[in-house]
Amino acid sequence: MAKTLILGATSAIAIETAKILSDRGDALFLVARSPEKLESVRCDLEVRGGKIAGTLSSDLNDFSTHPGLMKKALEALQGLDLVLIAHGTLGDQKACEQDFVLAEKEIRTNFLSCVSLLTLISNKMEQEKSGTIAVISSVAGDRGRQSNYIYGSAKGALNLFLQGLRNRMYSSGVMVLTIKPGFVDTPMTAALKKNFLFAKPDQIGRGIVKAIDRKKDVVYLPCFWWGIMAIIKAIPEKIFKRLKL
Amino acid sequence: MQNHTPHVESWGRTVIVPQRVIPLFWQPKKLPELDEQETLLPYGEGRSYGDSCLNEGGVLLQTRGMNRFIYFDESQGILRCEAGVRLDEILEVTIPRGWFIPVSPGTQFVTLGGAIANDIHGKNHHVAGTFGRYVRAMEVLRSDGKRWLCSPQENSDLFGATIGGLGLTGLVLWAEIQMKRVSGPWIDQETVRFSHVDDFFKISEDSEKDYEYSVSWIDTLAQGKHLGRGHFMRGNHSPQKLDYSSKPKKITIPCNAPNWLLNTFTVRSFNFLYYHRQLATQKRNTVHYRPFFYPLDAVLAWNKLYGKRGFFQYQLVVPFKNDREPIKEILRLVAKSGMASFLAVLKTFGNIPSPGWMSFPREGVTLALDFPNQGSKTRKLFEELDRIVRTSQGALYPAKDATMLAEDFQKFYPRWQEFQKWVDPKFSSSFWRRVAEGQGSNG
């Protein structure tokens, strides 16, 4: 029956996670950019029997809106037990290499907006001495690769930030979960060619809820990505820099 | 999104064609831009068996991502949802609140859009008619960018063309359906063993009044005095409120079985054992709706049991004749051919008309057969069956079909030209080009 705030609530993984959470009685406050998509997700969850405390359409890249957003969410939920940060973009790496404006936008969306939101959220939870923060990062943040290093570096920075935050929050009893999905078949990856490594968003949703319940620190989803990334991280840089990854 | 994906198949897996797949995640404002020669076809779960859900050289609009509920009036049982929602997802939401889908096909793994496009039927056709009768309204997006709200009252032509319209009249974005009141997930079922097809007709007639659902499994290899023997299954929604919380276990067929797995010998053995599994002539019990309506759904990807060669479905309907001669002739032909049909289903259709112009069900008796793809041998049998269906003024079901002749289709579906006027100029399918535009065949 947690009071749950979901940021990026119309992302495919967030939707699947929200279905499970609302099914077991969580009250949800949903934030997403597109008002139409947000409304469609709200209706869907409500027909399924979910309790939606409120919704807010907001561009999370406008950091000045974050304090107002938090205020609205806290009022609607009357408290805060769980936050899922699920917004993000997978930009065009090649375009980002050529144009810093694009690269900066990727870093803002995937890293800085989270720092801004988590500053507000973590201070609130630290005060309350309870709560769970779950953030969707990516396996792409584990090692820089030429095909994806703008997105990867934003997620890598996010991983480090969460690591530090977890360390800080430990004494207050606030859980911080870093979620590292591999390839997931979602609108974000619509342009990628699908292979056997792709997971379905509902599978990732179940994994997220399980990791929250088990109070995990870091989770790879599906779990085999832990093994893949362990190998990728173990390759010496001397060799790695020559690979076309 | 430009890559051709050859891996999207229909359920029978006999038709493998290149096509470009565009997944939809939200109701689109307009349809995607196409190359000059390309056409579009909505694709749900690919549970049609032949080429009616495929579009060689064109685009498939994958609708599964449009899978959100929009509205549910629990007191009236009115449900509105996007076209990519699957029937099992609907049931999961509505059964705990006392509502069931008005018409259930043989699998719950079809989308709402697919159910409309094929105007599906179920075990209750004799009392309920087809799925299309329960569509209260829907919205169709056409390639000119116009969204059409249609219902039996509003834009009723497009409504009639879209029900059973094989996805050709535009993209159904959402639909509103009238659900059916039930007290729970249970079915009171009765199974009656019969030793000849004549008995099937007798039991069928006796059951029509008192049973909402009825269907028969038959042993197609039995001949002579056992011709068309089988089990008649009939049932009604049960008022019982038994506890049922656990999810059913499912098996998945992970890869292609060897082609020889389903052969005449194995099917004959299966049929013999299955027929004699019930020793008493009649058996009564209460079962969950899943095994009653969707026995095959317990085995995911069961189509791979047929091996790499794939398989054909052949579903026909022939009008009632006093001597039931056409159906008997068909059963004799099938038995004589020695070609084993593993899943043969016999059922009577009632005379309740559908709003769909191109709807398959019509008064008579319907038989669904499936055969491993043995190339020309199978097609030869189909030619003989076609002849009987043709001369007895019957029809074949496009959702199951991969071989129907264009001239037969045009006779079976007399409103096809009227329908053609409503086919979206940018929409087409491999099936449609085969039966209406006389282009190519799959063999």
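Chain naming here is simple, since letters A, B, ... match the order of the sequence lines and numbering starts at 1 in each.
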Side chain, backbone, both or neither of A:E36 within contact of chain B (heavy atoms, under 4.5 Å):
side chain

Other residues, nucleotides, ligands: >12 heavy atoms within 6.0 Å of A:K19 NZ:
yes

CH2/A:W226: more than 12 non-hydrogen atoms of other groups inside 6.0 Å:
no

Heavy-atom count around B:R181 CZ within 6.0 Å, excluding the residue itself: above 12?
yes

A side-chain contact here means heavy atoms from C-beta on lying under 4.5 Å apart; do A:V41 and B:W26 qualify?
yes

Euclidean distance, A:D185 CG relative to B:R64 CZ, rounded to 0.5 Å
11.5 Å

Considering only heavy atoms, give the residues of residues 66-77 of chain B separated from chain A by less than 4.5 Å, sorted numerically, with 'none' for an empty result.
B:N67, B:R68, B:F69, B:I70, B:Y71, B:F72

For A:I15, is it the side chain, the backbone, both or neither that has a heavy atom under 4.5 Å from a heavy atom of chain B?
side chain

State whether the number of non-hydrogen atoms from other residues, nucleotides or ligands found under 6.0 Å of A:R48 atom CZ is greater than 12.
yes

Using a 4.5 angstrom heavy-atom cutoff, name the option from A:C43, A:P187, A:S40 with the most pairs to chain B.
A:P187

Quick check on the structure: residues of residues 81-109 of chain A within a heavy-atom distance below 4.5 Å of chain B, by number.
none

On a heavy-atom basis, which atom in A:V47 and which in B:L79 lie closest, and how many Å separate them?
CG1-CD1, 4.4 Å

Heavy-atom contact with chain B under 4.5 Å, split by part of A:T186:
backbone

